[in-house]
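Residue numbers run from 1 in the order of the sequence given. We count ligands from 1, going down the list as the structure has it; atoms in each ligand are counted the same way.
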Amino acid sequence: MPLLNILRFPDPRLRQHAAPVEVFDEELVALKNNMLETMYEAPGIGLAAVQVNVLLSMLVIDISEDKSEAICIINPELLEHDGLVKTDEGCLSVPAIYEPVKRFERIKIRAQDEKGEFFELEADGLLSVCIQHEMDHLEGKLFVDYLTEMKRRRIQKKMEKLLRETM
Ligand code: NI
C-alpha cells in the first residue's frame, strides 16, 4: 500500500479543519490501512487524517511496542475528562521536537470505527494524551500552539531550515 505524505509544520494545510465521516466504505478502510502503515513507517504512535491532507475526522493510534494495538477513531467526541497532566509530546508533523504540554489526565470519548460502529473508550496515561493530541489535529491545532510564541517561532525556524536542507 502506498505511504502517505505527512505534512510538516508550518505547512498551512495543517490548519485545516476535518469534516465528519459520513460514508463508511472500502475506501475508508483503505485510508485507515494506509494511515496505519504510514504511521508505523514514520515511526510514530498517532496520525490524524488532516496530517496527510485528508479532511476527515479520523485518526489512528497504536501506543504498543509491537504494533499490536491499532485503534481507529472516527468522529470522536470528548464525553468526560478528569485531572491534568504535563508530558513531553512530539508530532510526526514537527519531527524531532519534544516539548511539555498540559492535557487532561483521563478522558472518555465516544467515536465510530471504520465500519461505522459506535464505541466508547476510557483512556489514561499515554493513550489519553495521544488521543487528545490527535483530536487537536482535526481542528487544525498543533501541540506547538501550547508553547510560548518565542518557542514556537524557534521551532518554526528549525523546521524551515530542515526543509531547505532536504530539498
Ligand atoms: Ni501530531
Enquirer: Closer than 2.8 Å to the Ni ion (ligand 1), what protein N/O/S atoms do you find?
Expert: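 You should have found Cys91 SG, His133 NE2, His137 NE2.
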
Enquirer: Picking from Arg153, Arg154, Glu99, what satisfies side-chain contact (heavy atoms from CB on, under 4.5 Å) with Leu147?
Expert: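 Only match with Leu147 under side-chain contact (heavy atoms from CB on, under 4.5 Å): Glu99.
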
Enquirer: Does either side chain, that of His133 or that of Glu89, offer a donor lying less than 3.5 Å from an acceptor on the other one?
Expert: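 Yes, Glu89 and His133 have a side-chain donor paired with an acceptor closer than 3.5 Å.
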
Enquirer: Taking the side chain as everything from C-beta on, heavy atoms only, tell me whether Leu47 gets closer than 4.5 Å to Ile6.
Expert: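 Yes. Closest side-chain heavy atoms under 4.5 Å.
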
Enquirer: Could you tell me whether a side-chain N or O of Ser128 sits under 3.5 Å from a main-chain N or O of Glu105, the two making a donor and an acceptor?
Expert: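 Yes, Ser128 side chain to Glu105 backbone: donor-acceptor pair under 3.5 Å.
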
Enquirer: Taking C-beta and beyond as the side chain, do Val60 and Thr38 meet within less than 4.5 Å on heavy atoms?
Expert: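 Side-chain contact under 4.5 Å: no.
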
Enquirer: Please tell me whether Glu22 and Asn75 have a donor and an acceptor in their side chains that are separated by less than 3.5 angstrom.
Expert: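 Asn75 and Glu22 do not have a side-chain donor-acceptor pair below 3.5 Å.
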
